[in-house]
Amino acid sequence: MNEGPGGHPHQQDPFDIFAHFFNRGPRETRERRGKDVAYPLKVSLEDLYNGTTRNLAVSRNRICTKCKGKGSKAGASSTTCGGCQGSGRKVTIRRLGPSMVQQMQECCNECNGAGRTLRAQDRCQQCKGDKVVPEKKTLDVNVEKGMRNGHKITFRGEADEAPGTITGDIVSLIQQKEHPKFKREGDDLIFEHTLSLKEALCGFQFKLKHLDGRQLLIKSEPGQVVKPDQHKAINDEGMPIYSNGFTKGKLYVHFIVEFPNSLNPALCKGLEAVLPSGSGSSQLSDKELDDCEETTLHDVNMEDEMRRKKAKKSQQAYEEEDKEHENVLGGYDHGTTPETVRKRCWNTRQIIQGLIYAALAIRSVYNPL
């Protein structure tokens, strides 16, 4: 075993033996890398459409410029930590049970893992022996056109600094805020618009303010009918495609047709004459009417109906579970009388007494008085 500076034994990496055997030099010790720090950045859909620059205020640690990350005054020397004997880590043993122990390693709280300590008068006046000092900085985050929710913008080497480590990165995580009118689906946009029944049948036109402030004229073709829940697309009016801002996705318009609650019966005759007939005729013969049972339609909210049925089903499940518990405990069920329950209890007491007598008899055999 070779000895390093100061007479301390220097342990050789066992893999270096194989390196020398194959005429290779010893392995280089890799420097530790600091942790990356993520900062969420909330942006609007307009910002992602047009692109913008946002300021990000961050707090980080920087190596002390006065002591160069040593933590001590010039000429002062550190001593080996007595808590960890210079290893920087403490080993604790916790007993879990008979013949079972758990060994854990944790960072030494006396030297903060450095393995050496300084006297208070020998510490650097600027960093107080911490080797780093806090710093606040503002970073300019360039949000480019077409970036999506969850996109990461990385600032290399801007995280916390520490002696003997490679500085990590600061990562700005894009979080898109919900838009009141537009919904984004990848590179496409979806806009929902409500039409009256008249507009759906006879035509419509309306203005749409886009994310960049432009006014788009949306109109139907003459004689075109819009069906409920129908989608129509406008090419090249969606989101800009990231890294290719001149190309855009599609803008989908989702049409909701609003029907009137009622109609004047006098108008129905005129509509029947104008509108095409359906697949089945609404006029039935007297014989067909006589063969049918008349029913009444009423308004219903399907969400409330499903919620009510779900609650009823849960209540039935609870009642069945309570009934099963009663059966297990000897409760009353179909065909069970109070006399039957009393017999069950009497038989159970006799079985328990018999077990107790048997246990006492076995004990008297192995442990005679």
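This structure is a prediction, so every number in the text was calculated from the model and none was measured. Note that these values count all heavy atoms, side chains included, but never hydrogens, waters or copies made by symmetry.
- Taking OG from S314 and NZ from K309, the interatomic distance works out to 14.0 Å, rounded to the nearest 0.5 Å.
- Taking 4.5 Å as the limit, every side-chain heavy atom of L173 sits out of range of all side-chain heavy atoms of L41.
- Judged by distance alone, with hydrogens and angles left aside, the side-chain atoms of D160 form a donor-acceptor pair with the main-chain N or O of N61 at under 3.5 Å.
- Residues F155 and I166 fall into different hydrophobic clusters, defined by Ile, Leu, Val, Met, Phe, Trp and Tyr side chains chained together at heavy-atom separations under 4.5 Å.
- Rounding to the nearest 0.5 Å gives a distance of 7.5 Å between CG of D36 and OG1 of T154.
- More than 12 heavy atoms of other residues, nucleotides or ligands shown are found within 6.0 angstrom of CD on Q105.
- With contacts defined as side-chain heavy-atom distances shorter than 4.5 Å, the pair L216/L251 qualifies.
- Salt bridge R33/D169: present, at least one basic N to carboxylate O contact under 4.0 Å.
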Under 3.5 Å, which donor-acceptor pairs do the side chains of residues 197-207 form with other protein atoms, sequence neighbours left out?
{"from": "E199", "atom 1": "OE1", "to": "S196", "atom 2": "N", "distance (Å)": "3.0"}
{"from": "E199", "atom 1": "OE1", "to": "S196", "atom 2": "OG", "distance (Å)": "3.4"}

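- By the rule that hydrophobic residues join a cluster once side-chain heavy atoms approach within less than 4.5 Å of another member, L208 and I190 end up as members of separate clusters.
- Looking at D47, its side chain does come within 3.5 Å of a backbone N or O of S44 through a donor-acceptor pair.
- Ion pairing between R123 and D130 fails under the 4.0 Å rule for side-chain N and carboxylate O.
- Under the 4.5 Å side-chain criterion, counting only non-hydrogen atoms from C-beta, V141 is not in contact with N55.
- A salt bridge links R307 with D304: at least one charged nitrogen is closer than 4.0 Å to a carboxylate oxygen.
- Of the possible polar contacts, none joining the E237 side chain to the I234 backbone as a donor-acceptor pair under 3.5 Å is found.
- Using a 4.5 Å heavy-atom threshold, the side chains of M302 and M306 count as touching.
- For the pair S59/P134, no side-chain contact is recorded, criterion being any heavy-atom separation below 4.5 Å from C-beta on.
- In M104, the CE atom is crowded: over 12 heavy atoms of neighbouring residues, nucleotides or ligands sit closer than 6.0 Å.
- A donor-acceptor contact shorter than 3.5 Å links the side chain of D188 to the backbone of K250.
- Pairs passing the salt bridge (Lys or Arg N to Asp or Glu O under 4.0 Å) check and including a residue from residues 63-79, sequence neighbours excluded, do not occur.
- Hydrophobic clustering (side-chain heavy atoms under 4.5 Å, transitive across Ile, Leu, Val, Met, Phe, Trp, Tyr) groups L56 together with L48.
- Within the model, atoms CG of D212 and CZ of R214 stand 4.0 Å from one another, a figure rounded to the nearest 0.5 Å.
- Within 6.0 Å of CZ in R95 there are 12 or fewer heavy atoms belonging to other residues, nucleotides or ligands.
- Listed for the D187 side chain is no donor-acceptor partner under 3.5 Å among the backbone atoms of G238.
- The cluster map of Ile, Leu, Val, Met, Phe, Trp and Tyr, joined by side-chain heavy atoms under 4.5 Å apart, puts Y39 and I153 in the same cluster.
- For the pair P228/F255, no side-chain contact is recorded, criterion being any heavy-atom separation below 4.5 Å from C-beta on.
- Residues meeting the side-chain hydrogen bond (donor to acceptor under 3.5 Å, both in side chains) test with E305, sequence neighbours left out: R308.
- Residue F191 is not grouped with residue I256 when hydrophobic side chains (ILVMFWY) are merged at heavy-atom distances under 4.5 angstrom, including chains of intermediate members.
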For V226 and L195: C-alpha separation, side-chain torsions, deciding distance, then whether side chain to side chain contact (heavy atoms under 4.5 Å, CB included) applies.
CA-CA 9 Å; V226 177; L195 296 175; 4.1 Å; yes

Test side chain to side chain contact (heavy atoms under 4.5 Å, CB included) applied to V143 and I174, step by step:
CA-CA 9 Å; V143 181; I174 298 294; 4.1 Å; yes

Criterion side chain to side chain contact (heavy atoms under 4.5 Å, CB included) on Q175 and N149, from CA distance to verdict:
CA-CA 5 Å; Q175 292 184 350; N149 184 54; 4.2 Å; yes

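- Between the H210 side chain and the G213 main chain, no donor and acceptor come within less than 3.5 Å of each other.
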Just do the side chain to side chain contact (heavy atoms under 4.5 Å, CB included) check on R89 and C84 with the steps written out, would you?
CA-CA 6 Å; R89 306 186 68 83; C84 63; 5.9 Å; no

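- For Q102, the CD atom counts as densely surrounded, since its 6.0 Å shell holds more than 12 non-hydrogen atoms of other residues, nucleotides or ligands.
- The backbone N or O of K227 lies less than 3.5 Å from a partner atom in the side chain of Q230, making a donor-acceptor pair.
- Looking at E106 and T92, their side chains come closer than 4.5 Å, going by heavy atoms from C-beta outward.
- With L45 as the partner, the side chain to side chain contact (heavy atoms under 4.5 Å, CB included) test is satisfied by one option alone out of E178, H179, K183, K181: H179.
- Here the OG1-CD1 distance, from T247 to I241, works out to 5.5 Å after rounding to the nearest 0.5 Å.
- Nearest heavy-atom pair across K145 and G51 is CG-N, 3.8 Å.
- Within the 4.5 Å cutoff, side-chain heavy atoms of K90 are placed close to those of C108.
- For the pair R156 (side chain) and T167 (backbone), a donor-acceptor distance under 3.5 Å is absent.
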